[in-house]
Number of protein chains: 2
Amino acid sequence: MKIALLQLNSTIGAFAANRQKLVAGYLAACAQGADFVLAPELFLCGYPPRDLLQRADFIDANLAALDETAQFVGAVPLCVGYVARHPDRPGRSLRNSAAILQHGRSVWHTHKSLLPTYDVFDERRYFEPGNSAKVWEFKGKRIGILVCEDIWQHAGALDFIDYAYDPVIELSHQPQLDLLINLSSSPYHYDKPPMRQKVCAAVAKTLGCPVLLCCQVGGNDQLVFDGYSMLVDSQGQLKQLGKGFVEDLLEIDLNAAAAAFSFTYDAVQDLYSALVLGVKDYFHKLGFKKGCLGLSGGIDSALVGCIAADALGKENVLGVAMPSRYSSASSLEDAQKLAQNLGIAFETISIEGPFESYLNLLTPHFHGKGPDITEENIQARVRGMILMALSNKLGYIVLSTANKSEFAMGYSTLYGDMCGGLAVISDVSKQQVYALAHWINRQREIIPLSSIEKPPSAELRPNQKDTDTLPDYSIVDAVLQDYVEEFLSPEEIYKKRHYSKELIDDLIHRIHCAEYKRRQGAPGIRVSRKAFRAGRRYPIVQKWK
Amino acid sequence: MKIALLQLNSTIGAFAANRQKLVAGYLAACAQGADFVLAPELFLCGYPPRDLLQRADFIDANLAALDETAQFVGAVPLCVGYVARHPDRPGRSLRNSAAILQHGRSVWHTHKSLLPTYDVFDERRYFEPGNSAKVWEFKGKRIGILVCEDIWQHAGALDFIDYAYDPVIELSHQPQLDLLINLSSSPYHYDKPPMRQKVCAAVAKTLGCPVLLCCQVGGNDQLVFDGYSMLVDSQGQLKQLGKGFVEDLLEIDLNAAAAAFSFTYDAVQDLYSALVLGVKDYFHKLGFKKGCLGLSGGIDSALVGCIAADALGKENVLGVAMPSRYSSASSLEDAQKLAQNLGIAFETISIEGPFESYLNLLTPHFHGKGPDITEENIQARVRGMILMALSNKLGYIVLSTANKSEFAMGYSTLYGDMCGGLAVISDVSKQQVYALAHWINRQREIIPLSSIEKPPSAELRPNQKDTDTLPDYSIVDAVLQDYVEEFLSPEEIYKKRHYSKELIDDLIHRIHCAEYKRRQGAPGIRVSRKAFRAGRRYPIVQKWK
């Protein structure tokens, strides 16, 4: 049997465009001799549609798109994810479902049983679980079809949650399957793609049959879907692998003897690819082409400049240096050099005029209080305002350049360097920023070495260094990892790291206190296991720690 | 039997303070002869703790606080909400539970069965449901104890969701109850308090026994809990009612014959009270005293000024008029008059200097493009920056003053008038702003009549009126209500309102397009059935409509 797997990029709510893309993929696959065609979870409406699911007209449009798709489907069946109504109350009124279309209509369907409701997922907010695992018989083969999370508990990949039901176990008690298909919209995080292979391998071994994973690709808001659809054989060996971060059509011949191979995975390269795709789809799906950003001469804005140039094309990116009395000459040079290396437009706009104007205006209202962080924030905000003015006048989306370590510590200025439509690296730690910079420079110096090597500085007062306020970022990042991603207690972090208890408590206190800033930050691209806001939802007003 | 009901205000994560408050209330109630004392749902950790629940140390602290509370409890039992562990996997690892403490330890417990996961609620993200309704026998009485949502499905108040289980029905099949107690953390929205009475009455009639509702009071982030604990008799008649928006101790004598009375409810006054409590607790629980806001002379900022003065004390509020070349003299007079009427501090800071400075700086970078919304936004952003500088230098929290109708339409400036720690009236429609202004002026003119009566204007260009850009706010608010709160489709709105289809589509399009702004807005106080962000969670990148 020849199966064609459509690893496609859908846009939330773009029913006509999604349907057209699906039909085109289906017809192309049929022309190439496919016996059966697959498309990802919730493909027709896009994933995650969030509270759009609560609109009856949205559900109607999704069902209409399914019907319209079926009109193009002949003898070769097409399996695709959609939102089904669940009229048999009690229970939620919707289901996350997969349909098989054939001969112009839906001939079979099944419902997702395990509904992720943790981290970035909210499926219990919308769906009623299925609680059964169904097998579809086609050309004498028994094919189990499950949706995304339905195979994840089985592999033990979900260490902090347990469903009362395991669809894989249910299938293992039924007559031998010939194939297990999983339709998926599984978002990227660092090191996630190889994790999916482990899940598929575990399921294949339990069921004693090949597992075929059909993945979505593309960026939707804060989530990036990385593709990497795959086939593993009944021993759990990888036999076929879709491309990462682009659309792909995978042709699978279950009868052909393919050699097993290993997933050669470059985590840093994939992190970069995820950020590029996140920016690209954020812009293009919103209908924007051009991005601008402040280039400080530092490593963070340099990295965002590289990502923007790759995502949008160098001709669509404007870097703006906005020096002040505290900017070093070398910073301006580094900013300019980066822009040259990338081939992006570059402008220099001094912030001294507005900065001076604010100081003159406000000093009488400061009741004799001397300089403090206020004046630093004014500089950052003048820069933010300049970028927003360019955005308003010329149609750029502003890319904000603060990294995750800064977001964690609150070491960024609300309405200043936090301004923007997208906070590109807000889920990328400073250690990862360095790793990405070195990866970008692997063949030639694109990011000036001095941007990478100089001590981090906001340059908002004379000779300022980030370490005046914060410990070294290697320490910040370690505690960030332990406290936010691993959920360790301060005592556990102390036992693991042997930093002083005061230091650990201070860093945790900063993480909590900065929640109010993060709440107003631009949306970021989720690339870690635990992204602030998208997957970590904290109160602002709370006294814990 | 004498029952004391502690309608108290807890702070999320403030275990020691919450416990002390609970113990003090318990001891005072015992001293007054109570036989049994009640406190609200999840009182010890505060509600909603959100992802703090995913920290094992947070759960430990909550269990320790329960144990420590029990040390103070003697023969008189205390019933209080807490987070229980659920070690019997599979299932979520936590439960939303109620314990009865007596003689120094926990002697009984029950678990919430219906876990709201819609609108502002996310309980399935954290908890495993209980699925049983338990009865506690005390002094010869059979007392059913349920937690919050457990009684709501029964009354048909939840029209869009169905649980497969109804704890009230289960109790109705058991031997006759003498009392049903409900521990609650039920957040306020417009007209919610009388709704609770209907729910209690329906349950009382089904069970043929009195219903005692123990409510939380206070503001936690975006939610305000309004109090109004109540007793209804077995016929569903209201017999006792706790105060609204303040702590209260309700003494209930089930044997005493009290006259039934009706809930005289002033919806506008309560809306005002909710906003005042929301501001007060946001500041005080964060440890802040002072607030500042821009006073434009318009009705929105005037309303926020009144709320701030009531919440924080007039001595803690600073109003700042920030006139430009486009401000009318009467606007400045109205702002000053309001400040005088409220007795708050008032300063005037012209934005002309920085505005001019930006125009001089940026015009060469605008590539010959003429004035447009850019220059309007610069003015709004200069104002935001001035307020933020006062905040940084002098310790104010900035109160942002945009209303819900503006948020819906995107008729507000990101990083401009949207700046602030709290968006006080971001869930209050323009029609409600007028109603509140008239209510404030019911005895004397506090808000200048000219602020109320003049046509709304942002005053960002000569003779600008909001109606240059938007239809009348009565139309905006009608579509906002229909589309956002009632989930009507454009066609249904057309049938109901007979506005032109183009107008309806345009307003809906604006609501969707402004999602990116709202995502970066300051948190607001939720006072409607459907608050943007808190209860309405939409993608930014989507093509629906």
Side-chain angles (χ1 to χ4, degrees), chain A residues 11-14 50-52 54-58 89-91 117-118 124-125 162-164 220-221 282 285-286 347 349 353-354 357-358 360-362 365-366 369 373-374 377-378 381 384-385 388-390 392-393 415 419 421 487 489 516 519-520 522-523 536-544, chain B residues 11-14 50-52 54-55 57-58 89-91 117-118 124-125 162-164 220-221 282 285-286 347 349 353-354 357-358 360-362 365-366 369 373-374 377-378 381 384-386 388-390 392-393 415 419 421 487 489 516 519-520 522-523 536-544:
Chain A
T11 298
I12 292 167
R50 308 194 74 196
D51 281 6
L52 283 165
Q54 295 175 341
R55 297 201 59 82
D57 46 4
F58 186 85
R89 317 299 287 267
T117 308
Y118 54 82
R124 286 300 300 234
R125 184 173 168 94
D162 285 313
Y163 301 93
N220 280 323
D221 264 26
Y282 191 85
K285 291 182 181 181
L286 279 176
E347 295 192 30
I349 306 177
S357 172
Y358 280 116
N360 293 337
L361 177 69
L362 290 171
H365 298 274
F366 283 167
K369 294 212 174 188
I373 198 169
T374 310
N377 282 343
I378 289 174
R381 287 178 181 140
M385 198 171 299
M388 290 306 295
L390 296 175
N392 285 159
K393 186 68 78 180
Y415 321 131
C419 277
F487 297 94
S489 69
Y516 84 96
R519 193 73 69 90
Q520 294 189 46
R536 186 181 189 267
R537 303 172 185 176
Y538 264 56
I540 292 173
V541 180
Q542 55 96 356
K543 295 282 190 187
W544 173 245
Chain B
T11 299
I12 291 166
R50 308 194 71 197
D51 281 6
L52 283 165
Q54 295 174 342
R55 298 201 58 82
D57 46 3
F58 186 86
R89 316 298 287 271
T117 307
Y118 54 83
R124 285 300 299 236
R125 183 172 170 93
D162 284 314
Y163 300 93
N220 280 326
D221 264 26
Y282 190 86
K285 292 182 180 180
L286 280 177
E347 296 191 32
I349 305 178
S357 171
Y358 280 115
N360 292 337
L361 178 67
L362 291 171
H365 298 273
F366 285 167
K369 294 211 173 189
I373 199 169
T374 309
N377 282 344
I378 289 174
R381 289 179 179 140
M385 198 170 301
I386 289 170
M388 289 306 295
L390 296 174
N392 285 158
K393 186 68 82 182
Y415 322 130
C419 277
F487 297 93
S489 68
Y516 83 97
R519 191 74 68 88
Q520 293 191 48
R536 186 180 190 270
R537 303 172 185 176
Y538 263 57
I540 292 173
V541 180
Q542 55 96 355
K543 295 281 189 187
W544 174 244

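Below, chains carry the letters A, B, ... as their sequence lines are ordered, and counting in each starts from 1. Remember, it's a predicted structure, so these values are computed and weren't measured experimentally.
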**Item:** Audit row: B:L286, A:Y516, side chain to side chain contact (heavy atoms under 4.5 Å, CB included) steps and yes/no
**Value:** CA-CA 11 Å; B:L286 280 177; A:Y516 84 96; over 6 Å; no
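A:T117 places no side-chain N or O within 3.5 Å of a backbone atom of B:R124 that could act as its donor or acceptor partner. No donor-acceptor pair under 3.5 Å is formed between the side chain of A:D221 and the backbone N or O of B:P539.
Contacts with chain A were tallied for B:F487, B:Y358, B:Y282, B:F58; B:Y358 has the most, counting heavy-atom pairs under 4.5 Å. Counting heavy-atom pairs closer than 4.5 Å to chain B, the top residue among A:V541, A:N220, A:I12 is A:V541. Between chain B and the residues A:M385, A:K369, A:R519, the most heavy-atom pairs under 4.5 angstrom are made by A:M385. Heavy-atom pairs under 4.5 Å with chain A were tallied for B:I373, B:I378, B:I349; the largest tally goes to B:I349. Per-residue heavy-atom pair counts under 4.5 Å with chain A were compared for B:A14, B:S489, B:P354, and the maximum is reached by B:P354. Considering only heavy-atom pairs separated by less than 4.5 Å from chain B, the leading option among A:E347, A:K285, A:H365 is A:H365. If you tally non-hydrogen atom pairs under 4.5 Å between each of B:D51, B:L361, B:L362 and chain A, the highest count goes to B:D51. Between chain A and the options B:K393, B:Q520, B:Q542, heavy-atom pairs under 4.5 Å are most frequent for B:K393.
Nearest heavy-atom pair, A:Y118 versus B:R125, reported as atom, atom and distance to 0.1 Å: C-NH1, 3.5 Å.
For chain B, the nearby parts of A:I540 are the backbone and the side chain; heavy atoms of each come within less than 4.5 Å. With a 4.5 Å cut-off on non-hydrogen atoms, A:T11 touches chain B through its side chain but not through its backbone.
With sequence neighbours left out, the salt bridge (Lys or Arg N to Asp or Glu O under 4.0 Å) criterion links B:R537 to B:D122. Under the salt bridge (Lys or Arg N to Asp or Glu O under 4.0 Å) criterion, B:K543 pairs with no residue, sequence neighbours left out.
One finds the OH atom of A:Y415 at 12.0 Å from the CZ atom of B:R381 (value rounded to the nearest 0.5 Å). How far CE of B:M388 is from CG of A:N377: 7.5 Å, rounded to the nearest 0.5 Å. One distance of note links OG1 of B:T374 with CG of A:L390; it measures 9.0 Å at 0.5 Å rounding. Here the OH atom belonging to B:Y538 is positioned 11.0 Å from the CZ atom belonging to A:R50, to the nearest 0.5 angstrom.
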